[in-house]
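Numbers here simply count residues along the sequence, with the first being 1. Remember, predicted model here, so these are calculated numbers, not experimental data.
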Amino acid sequence: MRKIVVVNNPEDWEYNTIDEVEVVLAKTYLTDASFTEIKNVRIFNLCRSYKYQSTGYYVSLLAEARGHKAIPNVTTIQDLKSQTIVRAITEELNELIQKSLSRLKSRNFTLSIYFGQNVAKQYEKLSKQLHTLFQAPLLRAQFVYNKEWILQSIQPIPLNEVPEEHQRYVIKFAKAYFAKNRFSGVRASKSVYDLAILVNPAEQAPPSNRRSMELFVSAAESLGFYVELISKDDYRRLPEFDALFIRETTSVNHHTYRFARRAEADGLISIDDATSILRCTNKVYLAELLAKAKVPIPKTMIIHKDNRCQVAKELGLPCVLKRPDSSFSQGVVKVKDEESLQEQLNQMLLTSELILGQEFMPTEYDWRIGILDKQPLYACKYFMAKDHWQIYNWDGKKSNSTGNVETLPMEQVPFFVMHTALKAANLIGDGLYGVDLKVIGDKAYVIEVNDNPSIDHGWEDQILKKDLYLAIMKSIKRRLDAKKVSKNESGS
């Protein structure tokens with residue numbers, strides 16, 4: 001990817017030893033028609049001011065209009081102006097701020113951040129995190145102490161205002177930034193789209209294991225994607241990408257939902273999409289949706305404090321209680337008698353006004369039908385964990401925590417199972433889903449629809465092998481291609 005540094009005055013750029021970038025005057029970038037036509041370029045806006053309707057502001061604004069990737073982009077420029085937004089965005093850094101500044105004796109502190117670094121090593125992590133949240137080359141963060149350290153403001157530093165004694169550090173940091181940063185051209189020349197895959201390396205039960213993530217990356221790269229695994233710390237970087245693929249367990253009150261919403265707002269293709277997360281991760285909502293569409297589900301009751309005494313009568317015992325946002329069998333309990341029922345309800349109703357109750361339907365295994373683009377993708381039988389009533393047994397020994405998985409060819413799936421799964425998933429959208437069903441006699445009952453289904457190497461890919469990962473990446477590429485065609489046809 002071509003890299004262009006835009007400055008107001010050629011004298012502002014004193015780093016001619018950095019070969020990886022071209023330096024262009026802001027006036028030239030704004031007025032020379034040739035810049036409108038170039039593609040696959042990143043604009044590093046180092047103008048002296050980003051004030052509204054200033055030259056620096058228009059550099060980032062027109063860069064976005066031309067399809068160039070700007071740093072900072074207009075969203076970041078606007079965010080930097082609002083103290084409220086700055087406080088909200090940096091709230092999760094509070095612990096790091098307190099730890100980093102704990103040894104200071106003064107009540108005010110200024111942190112200069114040059115290309116994500118600071119001249120003092122002890123502030124390296126804080127500098128990097130702030131730079132990640134606010135993608136601008138040069139930043140100045142002002143902190144004040146009032147019982148604890150508070151980030152009062154964070155503002156861009158004009159290039160011509162970098163102190164002379166810091167210049168040698170800035171040159172060093174700039175060289176590292178342009179040489180090692182992902183913008184440095186390490187992408188293959190065939191790359192046509194940038195794909196971010198959101199993961200959480202610390203997650204106990206991620207939706208995809210390490211080998212499957214390697215296969216996802218390989219499949220995407222074979223189609224011409226540049227791929228980067230990102231984490232929740234990369235929220236502000238989403239506009240750098242064309243698509244987002246979430247491989248972290250999702251929830252509405254969680255950063256995964258915010259990532260999906262931000263991706264869609266910034267025009268990215270997103271799997272999972274925010275609507276699917278909203279519809280699938282709340283079991284109360286899902287039960288209502290399926291019941292209204294007359295999709296078979298176990299006998300179900302929405303439990304609240306006023307009807308909790310009727311649960312045993314309505315559902316019988318044992319029955320199953322589910323937290324609305326439960327996943328991977330966590331937050332789902334089986335109660336055998338009235339005493340344990342009321343005890344569990346006491347706990348669950350402390351954190352949610354509504355609880356989902358369902359009749360207990362014991363089976364040897366659950367069906368899992370993977371669905372993508374409203375078409376079946378894979379089919380599995382998930383067997384119950386040893387001596388347990390669920391697929392996952394989080395209280396059991398590690399060796400017995402999950403049941404076996406058997407993946408089957410589509411032609412071996414009973415028609416009524418496939419039909420019911422497709423009907424349920426198509427109520428959600430056209431994304432990637434995993435529909436769980438129990439079969440009693442000749443009828444399939446939907447247990448849940450997962451917006452972020454497990455795809456693990458050695459399990460769900462037993463039949464399709466690498467083609468499973470390729471199919472999902474092809475779906476993302478088709479969506480991006482269709483978006484590009486639509487944009488070209490509209491003339492935008």
Side-chain angles (χ1 to χ4, degrees), residues 197-200 203 205-208 244-264 269-298 300 302 320-332 351-352 354-358 366-380 382 390-392 417-418 420-438 444-456 460 472 475-476 479:
I197 303 181
L198 179 63
V199 296
N200 177 5
E203 188 171 8
S208 290
L244 173 67
F245 182 42
I246 299 177
R247 286 283 87 194
E248 178 179 359
T249 304
T250 54
S251 180
V252 172
N253 190 24
H254 191 251
H255 65 264
T256 48
Y257 179 75
R258 294 192 291 273
F259 266 73
R261 285 285 294 143
R262 174 72 186 272
E264 292 166 17
I269 297 299
S270 182
I271 295 180
D272 307 337
D273 62 277
T275 300
S276 294
I277 294 174
L278 186 66
R279 290 176 175 175
C280 291
T281 57
N282 190 292
K283 289 177 168 48
V284 172
Y285 175 94
L286 190 60
E288 287 283 304
L289 183 70
L290 295 173
K292 184 177 180 181
K294 300 189 182 329
V295 175
I297 61 175
T300 298
I302 307 301
V320 177
L321 303 178
K322 300 180 179 181
R323 281 204 327 255
D325 59 351
S326 57
S327 62
F328 289 102
S329 300
Q330 298 182 84
V332 180
T351 56
S352 178
L354 301 176
I355 300 297
L356 188 73
Q358 289 186 324
D366 287 353
W367 280 98
R368 161 64 65 86
I369 307 298
I371 294 172
L372 176 66
D373 295 327
K374 298 194 172 187
Q375 298 295 322
L377 181 63
Y378 61 87
C380 300
Y382 287 170
Q390 293 171 293
I391 295 163
Y392 293 93
V417 171
M418 186 66 71
T420 304
L422 285 168
K423 184 176 181 180
N426 291 349
L427 291 170
I428 307 298
D430 62 356
L432 174 64
Y433 309 108
V435 184
D436 292 339
L437 310 98
K438 287 183 179 293
Y445 297 84
V446 174
I447 303 304
E448 62 184 9
V449 181
N450 301 277
D451 62 286
N452 193 253
S454 297
I455 297 180
D456 280 319
E460 288 79 9
I472 296 169
S475 174
I476 293 175
R479 293 162 190 248

* **Test side chain to side chain contact (heavy atoms under 4.5 Å, CB included) applied to C280 and D272, T275, D451, the passing residue** => D451
Could you check if a side-chain atom of [X] sits within less than 4.5 angstrom of a side-chain atom of [Y], using non-hydrogen atoms only?
| X | Y | answer |
| --- | --- | --- |
| P453 | Y378 | yes |
| S352 | R323 | no |
| W367 | M418 | no |
| T420 | V435 | no |
| V295 | L289 | no |
| L427 | K292 | no |
| I455 | P207 | no |

* To do: Start with the C-alpha gap between T249 and T256, add the side-chain angles, then the distance that decides, and say whether side chain to side chain contact (heavy atoms under 4.5 Å, CB included) holds.
  => CA-CA 8 Å; T249 304; T256 48; over 6 Å; no
Closest approach of [X] and [Y], non-hydrogen atoms and distance?
| X | Y | result |
| --- | --- | --- |
| Y257 | V252 | CB-O, 3.3 Å |
| A274 | A260 | N-CB, 3.7 Å |
| S270 | A263 | CB-CB, 4.2 Å |
| I371 | A421 | CD1-O, 3.5 Å |
| P376 | L422 | CD-CD2, 3.9 Å |

* Would you call D273-R479 a salt bridge at under 4.0 Å N-O? -> no
Value rounded to 0.5 Å, distance of [atom1] in [X] from [atom2] in [Y]:
| X | Y | atom1 | atom2 | result |
| --- | --- | --- | --- | --- |
| S475 | I269 | OG | CD1 | 9.0 Å |
| E448 | T281 | CD | OG1 | 10.5 Å |
| Y445 | L290 | OH | CG | 14.0 Å |
| R247 | I271 | CZ | CD1 | 10.0 Å |
| L244 | I246 | CG | CD1 | 4.5 Å |
| I277 | N282 | CD1 | CG | 13.0 Å |

* To do: For R261, look at atom CZ and say whether over 12 heavy atoms of other residues, nucleotides or ligands are found less than 6.0 Å away.
  => no
* To do: Kindly say whether C380 contributes a backbone atom to a donor-acceptor pair with the side chain of R368 at under 3.5 angstrom?
  => no
* Within the distance-only criterion (no hydrogens, no angle test), does the side chain of N200 pair as donor or acceptor with the backbone N or O of E248 below 3.5 angstrom? -> no
* Check step by step if side chain to side chain contact (heavy atoms under 4.5 Å, CB included) holds for L356 and L321. => CA-CA 6 Å; L356 188 73; L321 303 178; over 6 Å; no
* side chain to side chain contact (heavy atoms under 4.5 Å, CB included) assessment of K322 paired with I447 -> CA-CA 11 Å; K322 300 180 179 181; I447 303 304; 3.5 Å; yes
* To do: Would you sort out whether R279 and V449 count as a side chain to side chain contact (heavy atoms under 4.5 Å, CB included), showing the intermediate values?
  => CA-CA 9 Å; R279 290 176 175 175; V449 181; over 6 Å; no
* Asked: For L377, which residues count as a side-chain contact (heavy atoms from CB on, under 4.5 Å) partner, sequence neighbours excluded?
  -> L372, L432, L464, L468, A471, I472
* Would N452 and T250 count as having a side-chain donor-acceptor pair, cut-off 3.5 Å? -> no
